[in-house]
Amino acid sequence: MSAATPTVFLLTVNGQIEGASFPDHDQLYCKYCFVYGHDWAPTSGLEEGITQITCKGNQASHKLVWNFPLEVTFKSTNPSGWPQLVVSVYGPDVFSNDVVRGYGAAHIPFSPGRHTRTIPMFVPEPTWRLQKFTSWLLGRRPEYTDPKVVAQGEGREVTRVRSQGFVTASFHVMTKDMKKLGYDTGPLAAHPLAAHPLASLSPEEPAS
């Protein structure tokens, strides 16, 4: 008797938020969350979390190291809305107020295996110089009420931002039953989802 055809596939992600590079800032911590489409649902693990506060070491690179673990499993019926990792970095300003130091996002790699991603970070900027001065004076930098907007893109086209720093994350990606549902995420595929290419997905990310 043949096995029943699966109706969903699984995506399991293990890894860690390794650290960050913010040359002008220290004593930082990172919040993370996953953003995904309507057809996706988490089955185990943590969808969001917060790292410890870390300081720059004595090494020449002056990198911030968190090595904070990531572990989550999703199920879905189709790849549209493939999960993204959203990271937000915070730290003290000159008045010891907790302010945002950067937002960033990256898709979970499509292909199974080990991957490392360097995520460019940015911060929203005030439109006027007076706003910038009062934000600095009051310790109230512009920030998003919901960091998930970083992955969605809607409403960001009018936001003025400035690039600032990088966050490094590593992933060990495993999938189950994707081929049985007609999706090919192997490294030899011309497209990460060659069997069912979808315009809503980002182009294939470079191999690590």
Side-chain angles (χ1 to χ4, degrees), residues 8-13 15-18 20 22 28-51 66 68 70-91 98-111 115-127 131 135 140-171 173 175 178 183 185 191-193 196-206:
V8 299
F9 63 82
L10 299 179
L11 170 68
T12 298
V13 181
Q16 58 184 7
I17 301 175
E18 295 182 350
F22 283 83
L28 304 182
Y29 64 92
C30 179
K31 294 181 180 180
Y32 78 88
C33 63
F34 290 97
V35 176
Y36 43 87
H38 298 296
D39 292 324
W40 291 77
T43 61
S44 65
L46 297 176
E47 292 184 67
E48 57 185 27
I50 182 171
T51 72
W66 290 305
F68 192 82
L70 300 171
E71 185 174 353
V72 66
T73 297
F74 296 96
K75 67 177 181 180
S76 182
T77 56
N78 71 77
S80 180
W82 193 272
Q84 297 182 65
L85 173 68
V86 175
V87 290
S88 310
V89 175
Y90 298 84
D98 219 20
V99 297
V100 65
R101 293 304 185 188
Y103 295 103
H107 276 93
I108 301 302
F110 298 116
S111 300
H115 308 266
T116 300
R117 295 289 181 264
T118 300
I119 305 172
M121 306 294 286
F122 66 89
V123 288
E125 282 284 275
T127 305
Q131 290 176 323
S135 296
R140 297 177 180 174
R141 286 193 55 87
E143 59 181 84
Y144 297 118
T145 55
D146 184 0
K148 292 182 179 180
V149 71
V150 175
Q152 296 164 348
E154 297 178 6
R156 283 181 48 206
E157 62 274 4
V158 295
T159 304
R160 182 179 179 182
V161 300
R162 172 170 54 89
S163 298
Q164 180 170 277
F166 298 88
V167 167
T168 303
S170 60
F171 305 93
V173 178
T175 60
M178 288 200 72
Y183 302 108
T185 59
H191 187 278
L193 300 169
H196 292 262
L198 296 171
S200 60
L201 285 172
S202 296
E204 183 174 8
E205 299 178 20

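The basis for the numbers below is simple: all heavy atoms, side chains too, and nothing from hydrogens, waters or symmetry mates. Here, residue 1 is the first one in the sequence, and each next residue gets the next number.
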Between Leu85 and His107, does a side chain to side chain contact (heavy atoms under 4.5 Å, CB included) hold up when you go through it step by step? CA-CA 6 Å; Leu85 173 68; His107 276 93; over 6 Å; no
Partners passing side-chain contact (heavy atoms from CB on, under 4.5 Å) against Val72 (at least two apart in sequence or in another chain): Val13, Phe34, Phe74
So do Gln16 and Phe171 actually touch side chain to side chain, heavy atoms under 4.5 Å? no
Do Arg117 and Thr168 have side-chain heavy atoms sitting under 4.5 Å apart? no
Any residue meeting ring-ring contact (aromatic ring centres under 6.0 Å, His included) with Trp40, in chain and number order, not counting sequence neighbours: Phe9, Trp82
Report the distance from atom CG of Asp146 to atom OG of Ser88, rounding to the nearest 0.5 Å. 9.0 Å
Glu47: which residues meet the side chain to side chain donor-acceptor pair (under 3.5 Å) condition with it, sequence neighbours left out? Tyr36
pair Thr12-Val173: side-chain heavy atoms closer than 4.5 Å: no
How many angstroms lie between NE2 in His38 and OG in Ser76, if you round to the nearest 0.5 Å? 12.0 Å
Gap separating the CG atom of Leu10 from the OG1 atom of Thr175, nearest 0.5 angstrom: 9.0 Å
Minimum heavy-atom separation for Val167 and Ala20, please, with both atom names. CG2-CB, 3.9 Å
Out of the candidates Val100, Val89, Val161, only one should pair with Met121 under the side chain to side chain contact (heavy atoms under 4.5 Å, CB included) rule; please name it. Val89
The reported gap from NZ in Lys31 to CD1 in Ile17 (rounded to nearest 0.5 angstrom) is 12.5 Å
Under the side chain to side chain donor-acceptor pair (under 3.5 Å) rule, collect the residues that match up with Tyr32, sequence neighbours excluded. none
For Ala105 and Val86, which heavy atoms make the closest approach, and how far apart are they? CB-CG2, 4.1 Å
Do the side-chain N and O atoms of Thr73 and Thr43 include a donor-acceptor pair separated by under 3.5 angstrom? no
Looking at residues at least two apart in the chain, or sitting in another chain, which of them share a side chain to side chain donor-acceptor pair (under 3.5 Å) with Ser170? Glu18
Contacts of Gln84 meeting side chain to side chain donor-acceptor pair (under 3.5 Å) (sequence neighbours excluded), chain-then-number -> none
Without swapping roles, check the side chain of Tyr103 against the backbone of Tyr144 for a donor-acceptor pair under 3.5 Å. yes
Flag the pair Arg101 / Tyr90 as yes when at least one side-chain heavy-atom distance between them is below 4.5 Å, and no otherwise. no
Under the side-chain contact (heavy atoms from CB on, under 4.5 Å) test, residues paired with Thr51 that sit two or more places apart: Tyr29, Cys30, Trp66, Phe68
CZ of Phe122 to CD of Gln164, rounded to nearest 0.5 Å, is 11.5 Å
Could you check if a side-chain atom of Pro83 sits within less than 4.5 angstrom of a side-chain atom of Leu11, using non-hydrogen atoms only? yes
Sequence-distant partners of Thr77, side-chain contact (heavy atoms from CB on, under 4.5 Å), two or more places apart: Val8, Asp39
